[in-house]
Protein chains: 4
Amino acid sequence: MQDEKLPRREREKRRHRRQMLAAALELFSKKGYHNVSMHEIAERAEFAIGTLYKFFKNKEHLYKALMMEKAAEYHHTLSGVLSREGDVLTILKDYISAKAGIFADDVATLRLYFAETRGASFNIKAGLDQDIRKLYDELVEQLASTLEKGIRKNVLRDLNPYYMAVALEGITNAFLFCWLEDPERHSYKANAPVISDMFLKGVMAE
Amino acid sequence: MQDEKLPRREREKRRHRRQMLAAALELFSKKGYHNVSMHEIAERAEFAIGTLYKFFKNKEHLYKALMMEKAAEYHHTLSGVLSREGDVLTILKDYISAKAGIFADDVATLRLYFAETRGASFNIKAGLDQDIRKLYDELVEQLASTLEKGIRKNVLRDLNPYYMAVALEGITNAFLFCWLEDPERHSYKANAPVISDMFLKGVMAE
Amino acid sequence: MQDEKLPRREREKRRHRRQMLAAALELFSKKGYHNVSMHEIAERAEFAIGTLYKFFKNKEHLYKALMMEKAAEYHHTLSGVLSREGDVLTILKDYISAKAGIFADDVATLRLYFAETRGASFNIKAGLDQDIRKLYDELVEQLASTLEKGIRKNVLRDLNPYYMAVALEGITNAFLFCWLEDPERHSYKANAPVISDMFLKGVMAE
Amino acid sequence: MQDEKLPRREREKRRHRRQMLAAALELFSKKGYHNVSMHEIAERAEFAIGTLYKFFKNKEHLYKALMMEKAAEYHHTLSGVLSREGDVLTILKDYISAKAGIFADDVATLRLYFAETRGASFNIKAGLDQDIRKLYDELVEQLASTLEKGIRKNVLRDLNPYYMAVALEGITNAFLFCWLEDPERHSYKANAPVISDMFLKGVMAE
DNA sequence: CATGAATGAGACTTCATTCAT
DNA sequence: AATGAATGAAGTCTCATTCAT
């Protein structure tokens, strides 16, 4: 992350890599993996096609690199929220809100994220997308742990914590999806309290 | 739907069409739109490539025909459940259960359904997939109407009914997705009561 | 070989295949495997590139099909000469002459043949060219058998028959090569008696 | 050849050049001209690609430089043998033996040598390979002169000396090729007397 | 309607070569 | 000289679609 102390050459290389990934993100997100050509990405990034291939072995690797970097950021943030000390209800509310912040200025990533984790992904050959899915599964497990803690403390009802996590993910993603489809009408951020309300009321112990 | 009174020629034609769609469904569901070729579909359906094109203008139209037929069935069933007379809570429970029955023996369709409605779909050029999305939106609206009725009858809390519908869809789809990913571990059908419980507790008036 | 009784469609297909192989032979022979593009071959054969790929899985397979068909013809002819009844010296003279006839009107094949069997071949990936080399080895073995017969009949000196075969191949190929390089100055056909003379005198029993 | 009296800079330059040629020889010989990239050569030689291009104008020139140096060595040695004083038969036997020594520890060169002189070479564009071929032709001519001398001295039969040379080259190369293909089974060196025997018996005057 | 050979645009990828540092 | 990032022409191959039979 810290490029500061690197030699100029290395810094430039990283910058170029970022430019390529940015171009790829924009295009993949708008048109989908199979409707974007490597030439298109190279052109958008203002590099020659050969340069693109110097940085990424092939289209799949470029795509995967893109997804993994974004997924890592995403999961790092949410995982951080879930790791906080404090009462479970606050953590859950924060988690719901945090999802808003993450994608607030990066709709492109959100779109791809859905394509990979919710839609049945057919973009990359079997095996390559396993890593991304695995990262996502880990987050759900962590969420389940948090919920389990809530159960033990009698804050939450004694339901299967994994399925509670699945439900929470389902709701939040549904709202994110709404927002993605029509950002004008459906603000996820504004709806975060509604989500918290509905979900928590459904799972809280009385 | 009723082919009985049609001349033999017409009946055969419909049968052929069904065979082609069945082959397409199987392949699209397994490998994704872009990883299936028209030749592959023709071969699987045991027709010549030219015949496939006699029935469907092009690959997109074939895909859309497939999706629309499946979506129509799906929404017809769920719409039927929501149109029933009776108390709202029962209707909602039935709705949740009904989703299990629909896909129980048709995982292939479920997979494609997600690719289109939950993941950001990049399969078919803008405009063509609007019809499918529209059908889905109608169902959500109908669900919202049902929920609104529940609110008016003081059975449900006074929350935005559209967002309640979004939440319910989010939860049920999340569970369907779980089941799709690992049918052995996560039975949607068995979990339907859990879903109903969590969701209804969250939205019911006290 | 007999296309006569085949349906028209099938006959045409074979003709097209032959046209493609002919175009490939001409180009490969003139410019070498790596200096000929599939587009070039398609164009020369007056077919679209896609059609070429309908007939041959890829460039290597096209090349191999070409080589194998030619090699089969070639070895069939020479093998026939070696299988004849009669005295060994006559058979050997005929063998030497026969090599002239084979390539007389097909310099292109001869050139490729050398590239594969005499030059160290780097054209096709390891394994694919084994078949061609094997065919050639079989011929040398058969030649050795013939020579062995001559030894047993005391017509030839008691030398290692395999190495005698190698020597004979070496001489004949060297003359073929001369002719290939400069057909005007060095006629293989005219030199066949010279070859026979030199070689036989070297290996004949007194 | 003598680098001793040169300034250090010059000596280093020559050493670098040799390293590059050695890397190229190894790779070309193993994989063939078209299956080796300039990057690969640079990497093997442990230089940057740009440095490679400082020494050799382009891939063809690199290849040609390699071939010419090896060919020059080769022909210098054999030419030396043919220039010796003494009786023709001894010279010829020595010539046949000498071919063994030359390639004994340099199979790589032998492989390339065949690719260029025996197989129809398609490696380098027309014109560039003429020099190598010319060098080879000169050697054959010199061999023919030697043979002619033998004829004049009534040691050899009165055959066309050029064709006798061609035949000798054919035989020796065939044995070299045998050895190249399977060094374990076919030792050229051990077979040198066999070659001499067969060839000389075929061409000697009685 | 059925067939399937033919088409060719366009995708992915490699690699010889250049040039600023 | 040495470096190696950047270039882009050119090659291989796929596949949606057409059309003559």
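Here is how names work: the chains are called A, B, and so on, in the same order as the sequence lines, proteins then strands, and each is numbered from 1.
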Atom-to-atom span, CD1 of B/I41 to P of F/dA16 - whole angstrom: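 Rounded to the whole Å, the gap is 8 Å.
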Separation of atom CD in A/E46 from atom C1' in F/dT7, rounded to whole Å: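 So the CD-C1' distance, A/E46 to F/dT7, works out to 15 Å.
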Please name all residues satisfying side chain to side chain contact (heavy atoms under 4.5 Å, CB included) with [X], sequence neighbours left out, ordered by chain then number.
X	value
B/K13	B/E10, B/F55
B/E43	none
A/A24	A/F28, A/I41, A/L62, A/L66
B/E46	none

Contacts of D/E26 that satisfy side chain to side chain donor-acceptor pair (under 3.5 Å) - sequence neighbours left out: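 Here the qualifying residues are D/R44.
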Partners passing side chain to side chain donor-acceptor pair (under 3.5 Å) against C/T109 (at least two apart in sequence or in another chain):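 Counting only residues at least two positions away or on another chain, C/T109 forms a side chain to side chain donor-acceptor pair (under 3.5 Å) with C/D106.
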C/R9/C/E12 salt bridge by N-O under 4.0 Å criterion: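 Here C/E12 does not pair with C/R9 in a salt bridge, since their nearest N and O are not under 4.0 Å apart.
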Whichever of B/H16 and C/E12 has its nearest DNA chain E nucleotide further upstream toward 5':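 Its nearest nucleotide lies further toward 5', so the answer is B/H16.
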B/A48 vs C/L52, nearer the 5' end of DNA chain E by closest nucleotide: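 Per heavy-atom nearest nucleotide, the more 5' residue is B/A48.
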Nucleotide range of DNA chain E lying under 4.0 Å from chain A heavy atoms: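 It runs E/dA11 to E/dT21.
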Residue list, ring pair (Phe, Tyr, Trp, His ring centres under 6.0 Å) with C/F56, at least two apart or on another chain: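 In terms of ring pair (Phe, Tyr, Trp, His ring centres under 6.0 Å), with neighbours along the sequence ignored, C/F56 is linked to no residue.
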Residues forming a ring pair (Phe, Tyr, Trp, His ring centres under 6.0 Å) with C/Y53, sequence neighbours excluded: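 Ring pair (Phe, Tyr, Trp, His ring centres under 6.0 Å) list for C/Y53, sorted by chain: empty.
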For DNA chain F, stems built from three or more consecutive Watson-Crick or G-U wobble pairs below 3.5 Å: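 The stems are E:2-21 with F:2-21.
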Pairwise N/O distances under 3.5 Å, protein to nucleotides 11-15 of chain F:
| from | atom 1 | to | atom 2 | distance (Å) |
| --- | --- | --- | --- | --- |
| F/dT12 | OP1 | C/K59 | NZ | 2.9 |
| F/dT12 | OP2 | C/M38 | N | 2.9 |
| F/dC13 | OP2 | C/Y53 | OH | 2.9 |
| F/dC13 | OP2 | C/K59 | N | 3.0 |

Pairing residues for D/E69 by the salt bridge (charged side-chain N to carboxylate O under 4.0 Å, His left out) criterion, not counting sequence neighbours: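 Listed in chain order: D/R17.
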Minimum heavy-atom distance D/T51-D/M20, with the two atoms named: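 So the minimum-distance heavy-atom pair works out to CG2-CE, 3.7 Å.
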Touch class at under 4.0 angstrom, heavy-atom based, for C/F55 against every strand present: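 The answer is sugar-phosphate, as C/F55 gets under 4.0 Å only of primed atoms, P, OP1 or OP2.
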